[in-house]
Amino acid sequence: MLALDGLEASLDGVSVNSPSIAVVSNLTDQAVEPKHAFDWAYWKRHAREPVAFARNVDTLAKLGVDVAVEISPRAILTPMTVSA
């Protein structure tokens, strides 16, 4: 669990505000509540559980989202959001 220990340590002392734009959770594929805490417990769960990517994209489409931004070393998932 060293990676999770490092993640927890990196978040120590970081204050997280509620999002100011709509956010859809990769874990639940649902829009998160405005007061949702993106705290250590959330990121630990995010690191350990599979994401609901396809359902997440469907939720985004239902919300009318037409732009996706992927923050990662390589754009692997975003190209899969483009509909035919």
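Both backbone and side-chain heavy atoms feed into the values below; hydrogens, waters and symmetry mates do not. Each residue takes its place number in the sequence, starting with 1.
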L63 reachable from V57 in the ILVMFWY side-chain graph, under 4.5 Å edges = no
note = Quick note, salt bridge (Lys or Arg N to Asp or Glu O under 4.0 Å) partners involving residues 49-66, not counting sequence neighbours, are D29-R55, R45-E49
query = Under 4.5 Å between side-chain heavy atoms, hopping through other hydrophobics if needed: is there a path connecting L60 to V23?
reply = no
key: side chain to side chain donor-acceptor pair (under 3.5 Å) partners for D39, two or more places apart   = none
inquiry  = Are N26 and H46 packed together at the side-chain level, in the sense that at least one heavy-atom pair is separated by less than 4.5 angstrom?
reply    = yes
ask   = Do you reckon L27 sits in the same ILVMFWY cluster as V65, going by side-chain contacts under 4.5 Å, direct or chained?
value = no
query = Mind checking what makes ring pair (Phe, Tyr, Trp, His ring centres under 6.0 Å) contact with F53, not counting sequence neighbours?
reply = none
query = Is there a path from W40 to V32 through hydrophobic residues (I, L, V, M, F, W, Y) whose side chains come within less than 4.5 Å of each other?
reply = yes
inquiry  = Can a donor-acceptor pair be found, under 3.5 Å and without considering hydrogens, that links the side chain of N56 to the backbone of S25?
reply    = yes
ask   = Linking I/L/V/M/F/W/Y whenever any side-chain heavy atoms sit under 4.5 Å apart, do I76 and V67 land together?
value = no
